[in-house]
Amino acid sequence: MKYDFSAIEQKWQDKWEDAGIFHAEDNCSKPKFYGLVEFPYPSGAGMHVGHIKAYSGLEVISRKRRMQGYNVLFPMGFDAYGLPTENYAIKTGIHPRQVTDQNIAKFTSQLKRVGFSFDWTRVVDTTEEGYYKWTQWIFRKMFDAGLVFRATTLVNYCPFCKVVLSNEDSQGGKCDICHNDIVQKSKDVWYLRITEYADKLLQGLEKVDYLPNVKLQQENWIGRSEGAFVNFALTNCDETLRIYTTRCDTMFGATFMVIAPEHPIIEKYADRISNIDALNAYKEECAKKTEFERTQLVKDKTGVRIEGIAAINPATGREIPIYISDYVMMGYGTGAIMAVPAHDERDYDFAKKFGIEIIEVIKGGDIEKEAYTGDGEMINSGFLNGIETKKEAIAKMLEYLGEKGLGEKGVQYKMKDWAFNRQRYWGEPIPIIHCPKCGMVGVPYEELPLKLPNMENFAPGEGGESPLAKVEEFVNCTCPKCGGAAKRETDTMPQWAGSSWYFLRYTDAHNENAFADPEKLKYWLPVDWYNGGMEHVTRHMIYSRFWHRFLYDIGAVPVDEPYAKRTAQGLILGPDGDKMSKSKGNVVDPNDVVNEYGADVLRVYILFMGDYASAAPWNDSSVKGCKRFLDRVAALTDLVKGTGVTAKLESSFHKTIKKVSEDIEEMKFNTAIAAMMALINTIYEVGSLTADELKTLLKILCPFAPHLCEEMWETLGEKNFLSMTEWPAWDEAKTVDAEIEIAVQVCGKLRATITIAADASQADAIAAARADERIQNAIAGKNVVKEIYIPGKIVNIVAK
RNA sequence: GCGGGUAUGGCGGAACUGGCAGACGCGACGGAUUUAGGAUCCGUUGGGCAACCGUGCAGGUUCAAGUCCUGUUACCCGCACCA
């Protein structure tokens, strides 16, 4: 058969769709498999080869699962709210709704052209009323549960996008969307109290099967630390200064304190501070620094001593000075620290610069040169003297603090509460009403969805307020509680909202009465296997685990962790080895590949190009190699002779079935394909194969190159879909050869290879080795001191 | 700075719990076919004339090391003054 991909791909895509063979069944007695891939943001640029790689892994696994008799849910959808669409709409004057619909249509047709076996009856679009109704519903439930709050804070503001960003979206002082510098701005912001779930999110990791580095990144993101809160008495004030420390064992060495420039105590006791002007000047200077500048100047500590107020070290009773410095953050712990220069690098740098006393309390380092952060014997530490370990010293100090009422054990997290609003148009309206009498009131559940009003001009206001603020019919409303005049919240939700629960909607995508039917949730959850990019394993995954866990806590979902298993694919780099980007001009368009070589070649190449989890550069010539492979597969129809088993091929077939079956489970698609290529080379060497053998080959190749395989299957006279036949089994006994070739070494150096029975005894193997002429030459005149036979592997003769 | 990872032919990459390094593919070279090119098919292809040498570098353990141990370098990713 000649391989004419253009003639067959559309044909099979239509047949699959008409027969609906990839639709997941509800209420099914078969075992279920829920494979999830990260749904795309439908950008105007269309699909990228990276998308194809991200979906191809679970595509192969899902296709294999169907053939293994599973009821498979492998869905696709669109995470369609977000700024790029809105910015494009502002530029072109086309409404975001229209832009979104166009982009979704484009993505859909591209995905279908690749032949992915998605269940297209369950597509979700986060911007549809039927979907965002439930996004708002979950938010309302969180509001009821006290997990939503509003606070005035300094926020990361992008003057270009005119939008407030979360810490996660403004890393490195750059806007995550437009990459311009962000500034600090005081604003009223909505927060989700994700920190309340920090421990649950951490504990949940213990029972899920995520890649180790995925788990680690989430743990680091949550950033739990155990330590102590300690209250330091102040001179000239009637309150104490509360600090957080993980090293209360070093308290005898605390020779000063440092508080964040924004610490409220400065303003509170301004009249007792003699150098308040200097402190304010420093504070202002810090506010001007971008995050980038602050981190770039790590080594160079700055600060100002507070004159007029000092602190008392509760361990030594000595008076110690207090400084303000921007190396202490208001957002972590209490915004104040006790500084132990002998045993903390940052405190050491600061003390050296400001000439503050450094007292060694742990032996083991040289504090003349640097801070010593290791373990050792306690000295200069009163009742702690002589203790040898950090753990013991901390326990003793905690006991002391407790007795004296000076402090207690405490836990801190790096993770912050989630800034949950944007002043933009293209997002879910936040369903809250501000009533002058009742305060914040949730929009009643029966009024959801709170529809996004249709606007002509949705550009953001100059002051950074939401475009929705301009729509009076939207803003003005009555309070659901008291019936008085009230105003609606005009901010919208961040893009992360819709993607925090989309996997739940797939189980029942069209339900109008609930986000999903509890029975369906019970059948399908948890997601058995979730694959996506490494860039989403912290933000998106932690956010969605948080939402899911909340829903579990209110009894709305049946399992506590949403994703049983998580893997990640590596990037596809440009042919030049750099990250693909439009500006570098090294972007490969999947359409071009489909047009020139066909979808099957694209699929096979993307999985063959390297380790699935690693980054690998695109190579046009290698694509041709995959085309050649499929050409050779198609041409096998000319070699078919009879039925049954070809003796010379039997073992190769069993070995290949085993290899492909096992490699797919480990996402080692490259070696699975290599094994099939090797099998084909063997078939060509043998010169013929039976129809039964060809059918078996088509079955294991089908998940990779389904169009060609279906076509060949049909050519062989089969009437049903290859995609729904049974995955072949292998016979372990037939994967083992009766005779094997093993290496013979003399003194660890390869000298010959011999062929022996697979079950040969040690004596037989060594005798066979010694019978070989090359071995006899190698050991001639030497004294054999040791003979080793590792069954099936090697003979090594040690001779001196 | 801290945490994690990677390093193998000209290239992408294989190599199970230590057991013939370089599977498979690309590229290259030679040949067949062709008016020619392309495509296809066949053969060769880690280096070295050879003994031998070869998995970033330097040591070590072992009958045997890409794989284990110690040290070291480079690159990639994540976090980053987290008290």
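Within every chain, numbering begins at 1; the chains are lettered A, B, ... in the order of the sequence lines, protein sequences first and strands thereafter. Both backbone and side-chain heavy atoms feed into the values below; hydrogens, waters and symmetry mates do not. Since this is a predicted model, take the numbers as computed values, not measurements.
For B:U62 and B:A28, the P atoms lie 48 Å apart once the distance is rounded to whole Å. Comparing B:G12 with B:A7, their P atoms are spaced 12 Å from each other, to the whole Å. Atom name C1', nucleotides B:G9 and B:C26: the rounded distance is 13 Å, in whole Å. Across the P atoms, B:G56 and B:U34 are found 48 Å apart, a figure rounded to whole Å.
Of the listed nucleotides (B:G3, B:C63, B:A83), B:G3 has the atom at the smallest distance from the side chain of A:Leu216. Listed candidates were B:A14, B:C20, B:C81. Nearest to the side chain of A:Glu741 is B:C20. Relative to the side chain of A:Arg751, the nucleotides B:C52, B:C79, B:A14 differ in distance, and B:C52 lies closest.
In this structure, A:Ala336 reaches neither bases nor backbone, as no heavy-atom distance under 4.0 Å exists between it and the strands shown.
Checked against a 6.0 Å centroid threshold, the rings of A:Phe5 and A:Tyr597 do not count as neighbours.
Residue A:Lys414 places no side-chain atom within donor-acceptor reach of the base of B:C79, judged by atom type and a 3.5 Å distance cut-off alone. Between the side chain of A:Lys659 and the base of B:C16, no donor-acceptor pair under 3.5 Å is found.
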key: nucleotides 21-29 of chain B: protein proximity per nucleotide (B base, S sugar-phosphate only, - neither; heavy atom, under 4.0 Å)   = --BBSSS--
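A:Tyr244 has no side-chain polar atom (N or O) that falls below the 4.0 Å cut-off from OP1 or OP2 of B:A83.
Near RNA chain B, defined here as any heavy-atom distance below 4.0 Å, the residues from residues 752-766 of chain A are A:Thr753, listed numerically.
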